[in-house]
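Read the structure below first, then the notes.
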Number of protein chains: 2
Amino acid sequence: MKAPRTNSREKILAAAADVAREAGPGNLSLDAVASRAGVSKGGLLYNFPTKAKLMQGLVEEYLREFEQALEDARSTSPSAENLLSTYIRLAARECRDMETSASWIFSALAEDPDFLTPIKLFRRQLFERLKAETPDLRALLVTYLAIEGLRSMNLFGFDPLADDERQLLVDSLLKMAEADNAVPLEKLDA
Amino acid sequence: MKAPRTNSREKILAAAADVAREAGPGNLSLDAVASRAGVSKGGLLYNFPTKAKLMQGLVEEYLREFEQALEDARSTSPSAENLLSTYIRLAARECRDMETSASWIFSALAEDPDFLTPIKLFRRQLFERLKAETPDLRALLVTYLAIEGLRSMNLFGFDPLADDERQLLVDSLLKMAEADNAVPLEKLDA
DNA sequence: TTGACAAGACCGTCCAGACGGTACAGTAAG
DNA sequence: CTTACTGTACCGTCTGGACGGTCTTGTCAA
């Protein structure tokens with residue numbers, strides 16, 4: 001029961017993401033996904049009884065992977081580093097390797113905006129966690145929103161930033177984030 | 001010949017945005033738009049011969065209005081203020097009054113990603129203009145990306161920010177933007 | 001002033017195609 | 001015998017958009 005002959009689920013999920021990217025967010029058809037995954041339509045519907053379940057699967061896998069990546073980054077990085085900094089680093093890295101670009105999100109959104117609620121929830125929790133661990137609210141707001149902007153541009157395929165500019169941005173953000181003990185509020189309030 | 005009995009185009013455009021928001025990005029049907037605009041489907045197709053033209057119209061109007069708003073804000077604000085600051089203020093205001101939330105963009109994106117290229121172009125030009133007028137590249141990158149993040153969250157309906165937090169954020173961004181003559185690089189580089 | 005006529009703005013209907021989903025028979029592996 | 005599919009045939013629905021008709025407005029000659 002836990003031994004699929006080949007692991008079709010992952011192939012299907014990957015195929016769905018591919019089709020979404022190549023055919024456009026509004027043209028994600030089950031037939032296309034099935035043929036792309038090298039699976040019959042019946043087989044697809046066997047794994048995901050409905051299109052909604054497919055989308056849900058996509059979202060869940062995305063969240064799981066992100067959580068995993070954050071966990072890994074957290075345990076790999078020096079223990080002195082705060083959560084905000086690791087988050088910045090992780091997001092910047094993911095944006096640079098834009099192969100991951102989760103443009104399938106638009107497909108899910110087109111299908112039904114409610115598919116994003118798990119993501120919203122996750123983000124909200126992450127933000128709360130960051131708020132709890134970051135003394136300097138100013139720095140948190142600015143840096144968090146900035147990397148949110150980076151992700152957004154990456155998602156939409158914008159990104160007018162040159163490599164060195166992006167590097168400069170990330171450096172600045174990290175500086176802000178790491179200076180959270182230095183109470184840089186005074187400087188700005190003066 | 002240039003006197004439409006009633007100005008249907010605007011009504012149709014507004015109706016399209018409404019339908020996109022209420023029915024979901026993937027469910028923008030011409031019939032729904034027509035009935036929402038108080039126009040028959042034939043009338044709709046008369047004004048916009050194809051769905052693609054409708055989307056194009058949406059994008060063009062959006063860009064025109066944004067350009068207009070920026071122009072207005074620029075002429076209204078004190079002449080001492082730099083472009084980046086007015087842009088920040090404008091974007092923040094637009095995000096606060098989220099009635100404008102251009103979620104129809106997702107519809108256009110679902111229909112065909114290419115509809116966004118005019119927007120991309122516009123943004124790129126704006127960014128270049130800001131880069132030319134802002135001496136402190138660091139401040140520009142951080143603030144621009146941060147408001148980009150704000151817009152993105154607003155667009156997706158996220159926004160975990162409380163009112164005072166958003167206010168704090170905007171204040172911080174404005175301080176960064178206005179200090180562009182003060183060469184605040186030294187502080188960070190030290 | 002008026003009547004004819006053209007163009008503009010819009011209505012209602014119809015249709016071909018695409019898509020999600022069902023049903024079912026078959027099959028290869030363990 | 002069960003699991004995990006394949007493959008095909010099919011159904012109902014929705015949607016873009018083509019088409020032909022209608023009403024209103026403006027123009028212009030007689």
Side-chain angles (χ1 to χ4, degrees), chain A residues 1-59 104 106-115, chain B residues 1-59 104 106-115:
Chain A
M1 41 185 69
K2 273 313 179 80
R5 203 163 350 167
T6 71
N7 197 337
S8 300
R9 278 188 68 98
E10 290 178 11
K11 280 201 303 182
I12 290 173
L13 256 13
D18 286 351
V19 171
R21 183 163 19 83
E22 288 167 17
N27 299 332
L28 184 74
S29 70
L30 295 186
D31 293 276
V33 173
S35 84
R36 176 77 183 221
V39 158
S40 74
K41 193 176 174 180
L44 169 63
L45 270 314
Y46 178 83
N47 285 278
F48 299 95
T50 171
K51 198 179 185 180
K53 294 281 184 189
L54 213 202
M55 298 303 180
Q56 194 183 322
L58 236 18
V59 171
W104 55 263
F106 293 127
S107 294
L109 189 60
E111 208 67 33
D112 185 348
D114 291 343
F115 284 125
Chain B
M1 39 186 71
K2 273 313 180 77
R5 209 160 347 167
T6 71
N7 196 337
S8 300
R9 279 187 68 98
E10 289 177 13
K11 281 201 304 185
I12 291 173
L13 255 12
D18 287 350
V19 172
R21 181 163 21 83
E22 288 167 18
N27 299 332
L28 184 73
S29 71
L30 296 186
D31 291 278
V33 173
S35 84
R36 177 75 182 224
V39 155
S40 79
K41 194 173 176 182
L44 170 63
L45 268 315
Y46 178 83
N47 285 276
F48 298 95
T50 169
K51 198 179 186 181
K53 293 283 183 186
L54 213 203
M55 298 303 180
Q56 194 182 322
L58 235 20
V59 171
W104 54 263
F106 293 128
S107 296
L109 189 59
E111 208 67 33
D112 184 349
D114 290 343
F115 285 126

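Remember, predicted model here, so these are calculated numbers, not experimental data. Each chain gets a letter, A, B and so on, in the order its sequence line appears, and its residues count up from 1.
Note: B/Asp112 CG to B/Lys51 NZ = 11.5 Å, rounded to the nearest 0.5 Å. The CH2 atom of A/Trp104 lies 9.5 Å from the CE atom of A/Met55; values are rounded to the nearest 0.5 Å.
Note: NZ (B/Lys41) to P (C/dC11) measures 13 Å, nearest angstrom. Between the CG atom of A/Asp31 and the C1' atom of D/dT6 there is a distance of 14 Å, rounded to whole Å. Whole-Å rounding puts the B/Asn27 CG to D/dG16 P distance at 10 Å. Here the P atom of nucleotide C/dC10 and the CZ atom of B/Arg9 are 11 Å apart, to the nearest Å. The NZ atom of B/Lys11 sits 11 Å away from the C1' atom of C/dC10 (whole-angstrom rounding). As a whole-Å value, the separation of B/Glu111 CD from D/dG16 P is 7 Å. Counting to the nearest Å, the P atom of C/dT13 and the CG atom of B/Leu30 are 18 Å from each other. One can place CG of A/Leu44 at 16 Å from P of D/dT8, the figure rounded to the nearest angstrom.
Between A/Ser40 and D/dG7 there is no side-chain N or O to OP1 or OP2 distance below 4.0 Å. Remark: B/Ser8 is in phosphate contact with C/dC10, judged by side-chain N or O atoms under 4.0 Å from OP1 or OP2.
Looking at heavy-atom distances under 4.0 Å, B/Leu28 makes contact with sugar-phosphate atoms alone, never a base.
Relative to the side chain of B/Asn47, the nucleotides D/dT6, C/dC10, C/dC11 differ in distance, and C/dC10 lies closest. Closest contact between the side chain of B/Leu45 and the listed nucleotides C/dG20, D/dG7, D/dG17 involves D/dG17. Residue A/Tyr46 has its side chain nearest to D/dA4 when only D/dA4, D/dT15, C/dG12 are considered. Considering only the side chain of B/Ser29, D/dT15 comes nearest among C/dG12, D/dT15, D/dT6.
B/Tyr46 is not listed as a side-chain neighbour of B/Val39, based on a closest heavy-atom distance of 4.5 Å or more. When side chains are defined from C-beta on, B/Val19 does not count as touching B/Arg21, because their heavy atoms never get closer than 4.5 Å.
When each of A/Leu45, A/Ile12, A/Asn47, A/Val59 is tested with A/Leu54 by the rule side-chain contact (heavy atoms from CB on, under 4.5 Å), just one qualifies, namely A/Ile12.
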